[in-house]
Amino acid sequence: MRLELVKRPQQSRAFSALSPFIAFGLTIIAGAILFAALGKNPATTLYYYFVEPLMEVWSLHELAIKAAPLILIAVGLSVCFLSNNWNIGAEGQFVIGAVVGSVLPVMFPDFQFWFVLPLMLIMGMIGGAAYASIPGILKVRFNTNEILTSLMLVYVAQLFLDWLVRGPWRNPAGMNFPETRTFHSYAILPEILPASGRAHWGFVFAIIAAIVLWFVLSKTLKGFEIKVLGQSPRAGRFAGFSAGKMTLFAFAVSGAMAGLAGISEVSGAIGQLRPAISPGYGFTAIIVAFLGRLNPLGIVAAGLVLALTYLGGEAAQISVGLSDKVVRAFQGMILFFVLACDTLIHYQIRFVKSKAATASLAAAQVPNV
Amino acid sequence: MSQTRAVDGTPLLEVKGLTKVFGQLKACDSIDLTIGKGEIHALLGENGAGKSTLVKMLFGSLEPASGEIFWNGQGVTISNPGQARKLGIGMVFQHFSLFEALTAAENIMLSLDDDTSILAIAEKAHGLSKAYGLPLDPFALVGDLSVGERQRIEIIRCLLQEPELIILDEPTSVLTPQEADKLFETLERLRSEGKSILYISHRLEEVKRLCDRATVLRHGKVVGHCDPRQETAASLARMMVGSEVITATRPPAAIADATELLSICGLSRKPAGPFSVALKNIWLTMKAGEVLGIAGVAGNGQGEFFEAISGEVTQESPDVIRIRGNPVGKLGISERRLMGAAFVPEERLGHGAAPRMKLSENLLLSRFKTDTKAFLGKFGMVRTSAIAEASKRIVSEMDVRKSAEDPEAASLSGGNLQKFIIGRELDRQPSVIIVNQPTWGVDAGAAARIRQALIDLARGGSAVLVISQDLDELFEVSDRIAVMHDGQLSSPLPAAEMTLERIGLLMGGSQTATESKGDAA
């Protein structure tokens with residue numbers, strides 16, 4: 001007896017849409033089993049993990065803060081992944097976007113006008129796009145593998161930031177702590193509803209970016225071009241699209257989104273540059289992009305879910321004493337179940353009986369045919 | 001159905017009720033087949049009739065859903081090709097499985113189960129090649145060999161296993177007529193030694209000439225057994241297709257003083273990779289109203305030629321290619337389309353159409369530049385209703401059969417997708433159209449429809465360039481025929497002056513054929 005995956009002739013649209021939810025449900029069940037095995041009460045742990053963070057207004061704000069960079073980066077990545085460009089370096093583009101955007105408040109602290117903030121955001125996007133263009137250009141010009149180059153550039157960016165905040169950009173009045181001077185008020189991204197919590201305009205940017213990119217991808221010729229080149233490059237060339245230009249475009253767009261996420265995080269949530277400004281948003285966004293089925297609107301939902309696993313993980317650490325590794329395990333399980341659901345939507349499992357059984361079965365059927 | 005017994009009474013292979021199901025489709029539906037010793041047995045059928053599925057089950061690469069196979073009267077289960085070889089079944093595939101960077105002998109060694117030394121293999125191969133009239137240098141690199149020579153490697157590789165039954169899948173589809181003649185001699189010699197051959201083909205003339213018996217398949221079912229020598233090509237075709245075969249009608253063309261629509265002046269192209277073909281100084285002009293056919297064995301530069309004309313690969317000088325008088329050598333495919341040209345590549349899925357996209361989206365694929373006003377709105381928004389409307393028009397115009405309102409391209413059968421792709425280009429009324437293998441893998445009814453549409457377009461005042469390996473097709477549609485060999489194009493001749501023999505010589509690379517008419521072999 002063995003198992004075979006047989007391709008389904010028709011995929012169920014309903015299950016395609018439901019699959020992330022089914023996957024999430026299965027993750028909760030598997031999570032409950034995991035908690036029980038760790039000797040915790042599954043019900044209370046799940047409550048602290050997934051419900052408690054949603055009960056308080058301030059904590060909803062925290063959710064938005066965590067979700068904003070995930071969504072921004074992931075919608076950019078969806079353009080890359082749909083066009084078959086594997087940008088794994090969003091974490092580095094996030095950092096460089098933050099660095100370039102911080103040039104004004106750090107190097108010219110006396111330059112204080114209302115337009116400083118818009119300039120910073122634009123510079124952040126340009127910085128991220130330029131940094132992402134390095135693997136893009138290398139791929140087009142020298143046919144390098146963009147997965148490797150974009151990933152390696154993450155470490156370059158992180159070490160560059162580390163050197164900046166310990167060296168030339170260190171706060172002269174900061175008692176030798178490795179951080180820049182704090183941003184002046186014109187360089188701070190304001191809160192959306194200051195009265196109720198910390199959530200800043202980065203979340204609004206994320207929603208706008210998602211809507212705009214959803215429109216481009218699903219309604220316009222550009223979106224068509226992105227998908228055709230991603231699915232069958234030869235058909236794309238036949239259509240007259242250029243794969244090289246698309247690679248540059250996709251890297252530039254996703255870099256700009258990551259850069260905007262970076263400068264928003266720094267000027268909205270942190271207020272200065274530090275050696276580490278991201279808990280791995282650029283990498284988690286890859287999961288978000290796939291959990292959201294590379295659809296910008298799906299990505300908004302997926303970004304909120306993964307932001308919740310960050311928050312819930314912290315809450316469960318405090319209230320139930322769960323290890324912080326559980327967050328990673330949870331994120332991994334979600335990805336696993338999403339991929340498993342997708343596989344079962346496209347294929348059905350068939351049990352193939354052993355040879356002897358097949359032969360006798362076949363023999364039994366012969367008179368009928 | 002009455003089964004003719006094999007020549008000497010004991011059938012070598014007997015198949016009863018063999019069935020294979022893919023999803024909803026019964027590719028083979030309770031097939032019965034008997035092959036006697038020392039017999040050349042033809043398996044006839046259109047593309048998609050289930051021939052390949054049947055032989056894959058006989059060779060153990062597919063597992064039957066039900067049915068029985070008897071070998072020398074014994075019931076057997078063939079679960080993998082190794083087992084088939086052990087029984088004494090050998091197979092020569094339509095698409096060769098050879099490594100181009102290795103020599104003939106090395107390729108043979110890879111397929112053997114034991115550790116025979118390369119020299120021993122070369123010697124054995126040499127012996128076999130002499131005995132069966134299959135000239136071959138065992139130490140030649142496969143990449144340097146012609147298709148006919150590569151097929152000889154496959155045949156020798158198969159003979160080394162000393163099979164009782166040899167399965168040949170469309171062996172002549174890649175050969176010139178002369179090479180095919182040589183192959184037939186080899187097969188007749190094998191028969192005289194008592195070996196059995198299962199010969200798969202849809203070429204009726206050669207089946208009539210070579211085979212002792214024939215089994216005809218249609219839609220996965222056996223529709224008849226017959227002696228092909230007693231049948232006419234027309235009666236065999238009727239059995240295969242299930243109805244009278246329609247051939248396209250070709251009214252005479254009046255092109256003497258027509259305008260020149262396509263001209264190619266000294267097109268050359270370096271090979272793009274180690275195994276692709278260089279184009280060498282190609283000259284060609286086409287006038288309004290004519291269909292020009294380009295014959296040639298696969299892999300002689302047809303693909304490279306298509307890419308160069310379509311603009312997927314551009315040229316260094318603008319004057320090399322002119323469409324309606326405009327120099328387009330440096331322009332891309334979209335700009336060439338705007339000049340009035342249309343293109344249909346050989347590969348449907350992945351080149352002419354994006355497999356996972358809907359038909360209407362595939363319409364947009366080649367039309368967004370030429371029909372910008374109709375299909376695109378503000379901000380480059382795609383007018384979904386307009387492309388759906390247009391694709392519905394094409395579907396009904398070309399009689400495309402499909403399972404849903406706007407299905408994915410990959411869900412259509414090859415023939416129906418090809419009808420859609422051709423219809424998509426014809427819908428624009430292009431003044432120049434270049435079609436590579438218009439009816440490859442398309443059933444007879446659809447093929448006739450496609451050919452007729454191409455002829456009608458030409459007679460309406462366009463220039464139609466057809467690249468094909470199917471000589472019957474070229475004679476059916478073309479006013480003039482040229483032959484491509486090793487990246488060179490012979491000068492085109494009126495179809496009436498071309499004979500099969502002459503084309504065969506040109507396909508084999510003989511340049512003298514153009515000058516000395518009738519100077520054969």
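Each chain gets a letter, A, B and so on, in the order the sequences are listed, and its residues count up from 1.
For the options B:E307, B:R336, B:R383, B:E408, heavy-atom pairs under 4.5 Å to chain A are most numerous at B:E307. Interface summary for chain A: among B:R337, B:E335, B:H351, B:M381, the most heavy-atom pairs under 4.5 angstrom belong to B:H351.
Residues A:R237 and B:V313 share a closest heavy-atom pair of NH1-CG2, 4.5 Å. When every heavy atom of A:R234 is checked against every heavy atom of B:E312, the shortest pair comes out as O-OE2, 4.4 Å. For B:L376 against A:L221, the heavy-atom pair with the smallest separation is CD1-CD2, 3.7 Å. Contact detail for A:S232 and B:P355: the closest heavy-atom pair is OG-CD, 3.7 Å.
Scored by the ring-ring contact (aromatic ring centres under 6.0 Å, His included) test, B:F375 finds no partners at all (sequence neighbours excluded).
The 12-atom threshold is not exceeded at NZ of B:K369, counting heavy atoms of other residues, nucleotides or ligands nearer than 6.0 Å. A 6.0 Å sphere centred on CZ of A:F21 holds no more than 12 heavy atoms belonging to other residues, nucleotides or ligands. More than 12 heavy-atom neighbours from other residues, nucleotides or ligands sit within 6.0 angstrom of CH2 on A:W86.
For the pair B:R348 and A:F238, the NZ or CZ position fails the cation-pi test of under 6.0 Å to the six-membered ring centre and within 45 degrees of the ring normal.
By the 4.5 Å heavy-atom criterion applied to side chains, B:M357 and A:F224 are counted as neighbours.
Using a 4.5 Å cut-off between heavy atoms, B:L365 contacts chain A through both its backbone and its side chain. In this structure, the portions of B:L364 lying under 4.5 Å from any heavy atom of chain A include both its backbone and its side chain.
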